[in-house]
Amino acid sequence: MDLLTGLNDRQRDAVLHTEGPVLILAGAGSGKTRVLTTRAAYLIREKNVKPWNIMAITFTNKAAGEMRERVNNLVGMGSEAVWVATFHSTCVRMLRRTPERVGFDHHFTVYDTDDSKRLMKQVIDGMKNVPGNFRPKNVLNAVSKAKNDLISPDEFEDERGYDLYWKSVAEAYRRYQKKLLENNAMDFDDLLINCVKLLRENPDVLENWQERFRYIMVDEYQDTNAVQFEMVSLLASKYRNLCVVGDDDQSIYKFRGADIKNILSFENTYNDAYVVRLEQNYRSTQYILDTANAVIKNNYERRDKNLWTDKGQGEKVRFREFGNSREEAGFVVEDIIRKAGKGASLDDFAVLYRTNAQSRMVEDHLVEEGIPYNLVGGVSFYSRREVKDILAYLRTVDSGRDDISTARILNVPKRGIGKTTEGRISEYAAEKGIGFYDALLAAKDIPGVSGAALKKIEAFTGMVEKWRSHLPEMGLSDIAAMIVEDIDYRNKIEAESEEEARDRLENVGELISKMEAFEEENEEVSLSSFLEEVSLMTNLDELEEGTPRVLLMTLHSAKGLEFPCVYIIGLDDGLFPGQQSLASPDSSDMEEERRLMYVGITRAMDSLTLTHSATRLVNGEYNAFPVSRFVDEIPDELLDSTGESIFAGHRSRLRPAAITDDIFDDVPARPAAGSAKPYSPAKPYSPAKPYSAGKPASASGSIDYKPGDRVRHRLFGEGTVVEMVPGPRDTKVTVDFDGSGRKVMYAGFAKLEKAD
DNA sequence: GCCGCCAGTATTTTT
DNA sequence: TACTGGCGGC
């Protein structure tokens, strides 16, 4: 039974209990992925379950990827038949088999948030008598909420139609769904909803999938919403071998429709459920865990539990206060430098914050110090304009029913087909009940489309038809290259904006490389399959390993990750917990913020630092904030907060770090935080590309050294340049450091100085 | 049809 | 502060 060696009793229990409903309450860092993967292997090896009868569902591609790899390693032969996928890709795969059952054809496309917004805008523009303040984003939010609760447009109107505003939302919702169907497209929510619909309305299909998935495991169960719950329930209702894993304390996606009650009341839904609690934490030190426990126990809506570890006490959790956010960020960066100087790898560090805007200040300091970092979040590669443009071309070529994509590129790059013409075409399309692209093909019959416009439209459709005719024999990267060539993208984009052109073209190049890679990795490549994979990608999936770098991300993005050394910045009442949760009459909003804090604390393995800034620039104006209440919830004996506060009363518990702290032993003393200096804006800089790990903020820095030269680095001291390789964005420099050995770094980031 | 200016707005976001 | 979207002038 070598599978079970190394597991603790509880974990073993969870693995061995294979039949019937099982709830695994897995605290942070308690080895749940290991349990899930071992469980799959155990089912196959010891219980003779066929690999294809096992399904493991996760939320992120990343989690699915990790699980896949570990299952492959444990199971060996046949492991690829185990179904490991995200909710959304599971739905796509199920829907692709029989899309006609829910009114779609095999080429259906998946709309991302941007596409959905465009569509909703079209819908609203086509409506009369809309209320003021009727913006696509707001309407879409309401619609998404309704969808997550499985409420149809009609039900929505029945429930809330008495109010004029909500009546309009219901109408927009209805029209939006109709348009999606006409465009043969589904938004993210629809993937789940249509999947549930497919299973509910087609007993034969349901039966088929139930037979296929006899053992179902769901990861991060606390984040499931009503639709996901329904989908899992349907699939599991025949064999009832449903094993869910989660931690109610880590439920942080309520705003996306996640319902914590799904995990809290699992035993009510399945009254014969077997419950296993995993409470031994393998990640953090005792001080860190005690801190996490102290904070989370203030929540009412949770299952009581107590995480423990045998890792030892460790260091106390540090808390530092500053007068402004610049000092706060400066401290964090100096501290990282200090620790890195003592031998820590930059990969050991993560800086976590509540809102994305907070990254800027830290980025400034990192850039200034020449420390590589990677920002998770922001604009993802696949949402960049130029990438979406090319993808829209591909989608148009692929299906011709995706009006949003076709409309997007009709005049991109500019070819003189403006709003007026576009309006006439969509009007005609609506009149005839045909698609936008088909209306373009019939442009000559459209009244009001003049000779010049007609010529341009025909040139456009001519190109699309040509590309389409090449589809059968050409690879998709070749098609893409052909498109870029035919539309003269290079010149057009350079004419538009000299400055961004280089970046844009690089991104387009990268997209084509990704296609080539996709063609190499997959046996059966079609344009549709590529577009499908891409539509379900997120910025978290673009995180590449490589040059050691500090990670910057929101607390939300950090869930599921761990780091030896974690900084949580911005512990200000009003920022974290946020203003809305403070003002909310619903205590569950504050509880969600607290869970977020819990998630943040439990990311840390050995070292955790919390910081607070008394003043902060928010939305362009200065605000003063008290210390976060979450800090107050940590008992004094767990905190290293160095002295007492010089702030008058309130919650501050300490004197500013600079006065008593030895942390700044190698930097000039700075003024006390209490005497907050007036803010001086940081010097201008260009932010790093979020998706390009460790690449430089500005590649333009002058390089005055060459292989063989002696150079000096901020962290590693002096060394000799061994090699310099120019890369797409920056030059990779290899240096043999006298003290720290050989390192590879990007020139723009490393800020090497010539030493002689 | 295109470009530029002004006004409005601003958490978190697995897919 | 920083970005986006709408509208008016050319």
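Quick caveat: nothing in here was measured; it's all calculated off a predicted structure. The basis for the numbers below is simple: all heavy atoms, side chains too, and nothing from hydrogens, waters or symmetry mates. By convention in this document, chain letters (A, B, ...) are assigned in the order of the sequence lines, proteins followed by strands, and residues within each chain are numbered from 1.
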Between C1' of C:dG6 and CG of A:Asp125, the distance in whole Å: 11 Å
Value in whole Å for how far the P atom of B:dG4 lies from NZ of A:Lys414: 10 Å
Touch class at under 4.0 angstrom, heavy-atom based, for A:Asn61 against every strand present: sugar-phosphate
Gap between atom CD of A:Glu363 and atom CG of A:Leu552 - 0.5 Å precision: 6.0 Å
Distance-only donor-acceptor check, side chains A:Asp223 and A:Gln250, under 3.5 Å: no
Spacing between A:Phe134 atom CZ and C:dG6 atom C1', to the nearest angstrom: 18 Å
Check: A:Met186 and A:Leu95 side chains under 4.5 Å, non-hydrogen atoms: yes
Face-on cation placement of A:Arg93 at A:Trp83 ring, 6.0 Å and 45° thresholds: yes
Nearest-angstrom distance from the residue atom CG of A:Asn225 to P of B:dT14: 15 Å
Whole angstrom value for the distance that separates C1' of C:dG6 from CD1 of A:Ile124: 14 Å
Sugar-phosphate only, base, or nothing, as touched by A:Asn411 at under 4.0 Å among non-hydrogen atoms: sugar-phosphate
Whichever of A:Gly416 and A:Leu191 has its nearest DNA chain B nucleotide further upstream toward 5': A:Gly416
Kindly give the atom pairs (protein nitrogen or oxygen, nucleotide nitrogen or oxygen) under 3.5 Å for nucleotides 7-13 of chain B.
from: B:dT12; atom 1: OP1; to: A:Asn356; atom 2: N; distance (Å): 3.1
from: B:dT12; atom 1: O4'; to: A:Arg354; atom 2: NH2; distance (Å): 3.1
from: B:dT12; atom 1: N1; to: A:Arg354; atom 2: NH2; distance (Å): 3.4
from: B:dT12; atom 1: O2; to: A:Arg354; atom 2: NH2; distance (Å): 2.2
from: B:dT13; atom 1: OP1; to: A:Thr554; atom 2: OG1; distance (Å): 2.5
from: B:dT13; atom 1: OP1; to: A:Ser557; atom 2: OG; distance (Å): 3.4
from: B:dT13; atom 1: OP2; to: A:Asn356; atom 2: OD1; distance (Å): 3.1
from: B:dT13; atom 1: O2; to: A:Arg256; atom 2: NE; distance (Å): 3.0

Identified salt bridge (Lys or Arg N to Asp or Glu O under 4.0 Å) counterpart of A:Asp114 within the set A:Lys388, A:Arg385, A:Arg384: A:Lys388
cation_pi(A:Lys514, A:Phe381) dist<6.0 Å, angle<=45: yes
Sugar-phosphate, base or nothing in reach of A:Ser535, heavy atoms under 4.0 Å: nothing
